[in-house]
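Residues: numbered from 1 along the sequence shown. Every heavy atom of this structure was used, including side-chain atoms; hydrogens, water molecules and symmetry mates were not. Counting starts at 1 for both ligands and their atoms, following the listed order.
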Amino acid sequence: MRIFMKKTWDVLVIGGGNAALCAAITAREAGASVLLLESAPRDWRGGNSVHTRNIRCMHDAPQDVLTDAYPEEEFWQDLYKVTGGITNETLARRVIRESATCRTWMRAHGVHFQPSLSGTLHLSRTNAFFMGGGKALVNAYYRSAQALGIEVRYESPVERIELQDGHFLAAHAGPPGALERISAKVCVLASGGFESNIAWQREAWGQNEQGEWPADQFAIRGTRFNMGVVLRDVIASGADPVGDPTQAHMVAVDARAPLFDGGISTRVDSVSLGIMVNVNGERFYDEGEDFWPKRYALWGRLIALQPRQLAHSIIDAKAIGRFMPAVFRGEKADSLESLGNKLGLPLEKFLETIRTFNAACRPGQFDHSIMDNCRTEGLTIGREPSTRRPILRIRSNLA
Ligand SMILES: Cc1cc2nc3c(=O)[nH]c(=O)nc-3n(C[C@H](O)[C@H](O)[C@H](O)COP(=O)(O)OP(=O)(O)OC[C@H]3O[C@@H](n4cnc5c(N)ncnc54)[C@H](O)[C@@H]3O)c2cc1C
């Protein structure tokens, strides 16, 4: 009689994005046998990582595609400011220091870099762009993984992690009703967050004062496969959750974007070149608080806190061509009255907001690629110099 023993892998990696692939490749190169489980089918593999475009890296002098220096301290201060100081300095500095050398590793595993193109030139000092974007990066890592002999299984969502006395024993993966028990000596959990799980987002965000469920209006720019199944399972088994589930990298996206996988083409990048008004025609945050690349990730959250989770970016013709256009066309009008009507805004309030803003603008030298000295004076919202000019003649709007 022949007895078949089920294989126990050295390392089981759960997830199929950047983090999972880097872990899998590193483990395999150290001599371990590695199995990677990706919940998505092959065509949709790679999680949010396929939507990425660049990596922010510290460097003390210009390097190939990176112009000028971006030293550790500046990177740390940027992170500190954007998180309002709610960050772990030891961990953050470690990531910052490692970012100086990781491109060598990435290149060795098939990733190519390219200089910033027009529209992203203001990032040319700090961010190295992947040739072909995140999809090419992920494809390069899958090719490396295959060449190294890493086994990859698609459509293998992990449902449950089996632990014994706090130690990993096995993962239970596969379609509902046909779960397979997969054991390994070590397991790496790299299966993303819970951003695609609207029910969980609803739970985290709750209802606002108007009785709305803000999460119902969210558009997820990334993958539909990050449902947080593994996260929820390990939290139920005693893992400590950290952070606030409503805090996230949330950008302003076009309200007409698809529910999932809209990617960067649905991002609204005109915010700092004009003003933002909510459905009541009121401004609600300083659009020029800082240089745009340091602020864009706040705007999704700010809009989520507004009625109907909707806002309009109001720009004039001078702004056209100075930002990455979203994939959907904005509304255009030759007068503010006409624009306000097209957008269904309360006209009097909308016109008053624009008038007040224009009256508060002080001259400066406009340069949206830096934190310039254009500014408003005397407004409750808008204290600092900002990358703004008066909205005199409205030509376009991106909702
Ligand atoms: C539109 C967009 C643009 C971005 N641009 C940038 C950028 O330019 N630079 C940058 O640094 N960051 C960027 N980010 C953020 C970046 O995408 C993430 O920080 C990064 O991809 C996270 O990598 P990850 O491997 O942890 O997760 P992901 O890449 O999301 O991978 C998670 C993986 O886990 C799999 N999975 C989920 N649940 C299970 C399960 N139960 N079982 C098995 N597998 C599972 C998913 O299918 C997926 O393959 C961007 C994000 C988005 C959405």
Side-chain angles (χ1 to χ4, degrees), residues 12-25 35-57 75 79 95-96 99 102-103 106 111 113 116 120 123 126-130 132-139 141-142 145 152-161 171-176 179-180 182 187-197 200 218-234 248-254 257-258 260-269 293 296-297 300 324 326-327:
L12 176 67
V13 177
I14 301 175
N18 195 345
L21 288 158
C22 291
I25 292 169
L35 171 65
L36 181 146
L37 301 176
E38 159 66 300
S39 62
R42 192 180 186 283
D43 288 352
W44 287 96
R45 69 184 181 185
N48 287 343
S49 303
V50 299
H51 290 293
T52 61
R53 291 186 303 162
N54 56 53
I55 176 170
R56 181 173 286 244
C57 355
F75 195 152
L79 195 60
V95 171
I96 291 170
S99 76
C102 67
R103 284 196 307 128
M106 294 169 76
V111 179
F113 291 90
S116 302
T120 58
L123 296 174
T126 52
N127 294 45
F129 281 75
F130 317 132
K135 184 83 176 163
L137 170 127
V138 160
N139 286 345
Y141 286 159
Y142 273 105
V152 174
R153 290 190 200 158
Y154 298 106
E155 296 179 73
S156 297
V158 170
E159 188 66 37
R160 187 165 73 80
I161 303 290
H172 294 255
L179 293 184
E180 183 187 349
I182 301 168
C187 179
V188 177
L189 306 182
S191 45
F194 68 93
E195 61 275 12
S196 327
N197 187 332
W200 193 343
F218 292 177
I220 316 300
R221 290 194 307 156
T223 179
R224 68 202 62 195
F225 293 98
N226 286 356
M227 297 293 287
V229 174
V230 174
L231 267 184
R232 186 141 263 183
D233 183 64
V234 294
H249 181 107
M250 291 172 76
V251 306
V253 296
D254 196 299
F260 296 112
D261 278 305
I264 57 161
S265 60
T266 57
R267 194 168 89 189
V268 176
D269 257 7
Y296 75 95
M324 186 180 73
V327 75

At less than 4.0 angstrom from any non-hydrogen atom of [X], what atoms of ligand 1 do you find?
| X | result |
| --- | --- |
| Val230 | 41 (N) |
| Asn48 | 17 (O), 21 (O), 28 (P), 29 (O), 30 (O) |
| Pro157 | 42 (N) |
| Gly47 | 28 (P), 29 (O), 30 (O), 31 (O), 48 (C), 49 (O) |
| Gly192 | 32 (C) |
| Phe225 | 37 (C), 38 (N), 47 (O) |
| Ala190 | 32 (C), 33 (C), 34 (O) |
| Gly16 | 33 (C), 34 (O), 35 (C), 48 (C), 49 (O) |

Ile14 contact mode with ligand 1 (heavy-atom cut-off under 4.0 Å): side chain
Side chain, backbone, both or neither: Leu37 near ligand 1, heavy atoms under 4.0 Å: backbone
Looking only at protein heavy atoms, which one is nearest to [atom], and how far off is it?
| atom | value |
| --- | --- |
| atom 52 (C) of ligand 1 | Arg221 NH2, 3.7 Å |
| atom 35 (C) of ligand 1 | Glu38 OE1, 3.3 Å |
| atom 32 (C) of ligand 1 | Asn226 OD1, 3.5 Å |
| atom 42 (N) of ligand 1 | Val158 N, 2.9 Å |
| atom 20 (C) of ligand 1 | Ser49 OG, 3.9 Å |
| atom 14 (N) of ligand 1 | Thr52 CG2, 3.6 Å |
| atom 9 (N) of ligand 1 | Asn54 O, 2.7 Å |
| atom 45 (C) of ligand 1 | Ser39 OG, 3.3 Å |

Heavy atoms from other residues, nucleotides or ligands near CH2 of Trp200 exceed 12 (cutoff 6.0 Å): yes
Please tell me if the side chains of [X] and [Y] come closer than 4.5 Å, counting only heavy atoms from C-beta onward.
| X | Y | result |
| --- | --- | --- |
| Phe75 | Ser99 | yes |
| Leu35 | Ile182 | yes |
| Arg224 | Trp44 | yes |

For the 3.5 Å polar cut-off, considering only N or O atoms, please tell me whether [X] and ligand 1 meet it.
| X | value |
| --- | --- |
| Met227 | no |
| Thr223 | no |
| Ile264 | no |

Name of the residue among Asp261, Asn48, Val251 meeting side chain to side chain contact (heavy atoms under 4.5 Å, CB included) with Arg221: Val251
4.0 Å protein heavy-atom contact status of atom 18 (C) of ligand 1, strictly under: no
Heavy atom of protein closer than 4.0 angstrom to atom 25 (O) of ligand 1: yes
With distance as the sole test, does [X] use its side chain to make a donor-acceptor pair with the main-chain N or O of [Y] at under 3.5 Å?
| X | Y | answer |
| --- | --- | --- |
| Ser49 | Asn18 | yes |
| Asn54 | Phe129 | no |
| Asp233 | Ile161 | yes |
| Ser156 | Tyr154 | yes |
| Tyr142 | Gly16 | yes |

Worked check of side-chain contact (heavy atoms from CB on, under 4.5 Å) between Val158 and Val229: CA-CA 8 Å; Val158 170; Val229 174; over 6 Å; no
Do you know the tightest heavy-atom contact between [X] and [Y]?
| X | Y | answer |
| --- | --- | --- |
| Ser191 | Asn226 | O-OD1, 3.7 Å |
| Tyr141 | Val111 | CE2-CG2, 3.7 Å |
| Ile264 | His51 | CG2-O, 4.0 Å |

side-chain hydrogen bond (donor to acceptor under 3.5 Å, both in side chains) between Arg45 and Asn139, worked out: CA-CA 9 Å; Arg45 69 184 181 185; Asn139 286 345; 3.0 Å; yes
Asn18 to ligand 1, any heavy atom closer than 4.0 Å: yes
Identity of the nearest option to atom 37 (C) of ligand 1, non-hydrogen atoms only, from Ser191, Gly262, Ala40, Ala173: Ser191
